[in-house]
**Student:** 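Just dropping this structure here.
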Amino acid sequence: MSAAAKDVMDLLHAAVAKELTDRVKSGEASAADISNAIKFLKDNGIEAVMGKGGALDSLARQFPTFNDDEDFSGVTQ
């Protein structure tokens, strides 16, 4: 790839990253925008690591916990 082509690709990459970021930050991102942002991050090797006190830790604490030992034999579906 020529230097000029690489420069254009770098600009496009930055523009896509900024557009997705702006949509998510505005709170108006559609489900497709969120999906595209996740794919963009994954395709670029960006991963979140859950650490104590971090954003993922905070999100995880909002979900209920379940006891796998509970007996649900009387529950009908």
Side-chain angles (χ1 to χ4, degrees):
M1 179 182 304
S2 71
K6 183 174 179 344
D7 288 345
V8 170
M9 295 300 289
D10 288 345
L11 287 171
L12 180 59
H13 187 271
V16 169
K18 183 175 181 342
E19 180 65 24
L20 289 170
T21 300
D22 290 347
R23 289 181 190 192
V24 171
K25 281 183 161 183
S26 75
E28 297 177 7
S30 67
D33 292 333
I34 299 294
S35 179
N36 287 330
I38 292 167
K39 183 174 180 344
F40 183 82
L41 292 170
K42 183 178 179 182
D43 289 350
N44 285 279
I46 307 298
E47 298 179 1
V49 177
M50 194 158 114
K52 189 172 183 176
L56 284 179
D57 183 48
S58 175
L59 178 63
R61 282 188 266 129
Q62 294 178 33
F63 289 95
T65 56
F66 299 95
N67 182 352
D68 289 340
D69 297 331
E70 289 183 31
D71 180 16
F72 292 103
S73 59
V75 176
T76 59
Q77 294 184 15

**Student:** Show me the side-chain donor-acceptor pairs of residues 48-64 shorter than 3.5 Å, one per line, residues at least two apart or across chains.
**Tutor:**
{"from": "D57", "atom 1": "OD2", "to": "G53", "atom 2": "N", "distance (Å)": "3.0"}
{"from": "D57", "atom 1": "OD2", "to": "R61", "atom 2": "NE", "distance (Å)": "3.3"}
{"from": "D57", "atom 1": "OD2", "to": "R61", "atom 2": "NH2", "distance (Å)": "2.9"}

**Student:** Locate the shortest heavy-atom distance separating M1 from M9; write the atom from each residue and the value.
**Tutor:** SD-CG, 4.1 Å
**Student:** Between A37 and L20, which heavy-atom pair has the shortest distance, and what is it?
**Tutor:**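 That would be CA-CD1, 3.9 Å.
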**Student:** Which pair of non-hydrogen atoms, one from D33 and one from R23, has the smallest distance, and what is that distance?
**Tutor:** OD1-NH1, 2.7 Å
**Student:** Any donor-acceptor pair under 3.5 Å linking the side chain of D10 with the backbone of D7?
**Tutor:** no
**Student:** Taking the side chain as everything from C-beta on, heavy atoms only, tell me whether H13 gets closer than 4.5 Å to N44.
**Tutor:**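 Side chain of H13 against side chain of N44, heavy atoms only: contact under 4.5 Å found.
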**Student:** Name the one of T21, I46, V16 that satisfies side chain to side chain contact (heavy atoms under 4.5 Å, CB included) with F40?
**Tutor:** V16
**Student:** Working to the nearest 0.5 Å, report the span between CG of N36 and CG of L41.
**Tutor:**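 It comes to 11.0 Å.
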**Student:** Mind checking side chain to side chain contact (heavy atoms under 4.5 Å, CB included) for V8 and listing every partner two or more places apart, or none if nothing turns up?
**Tutor:** none
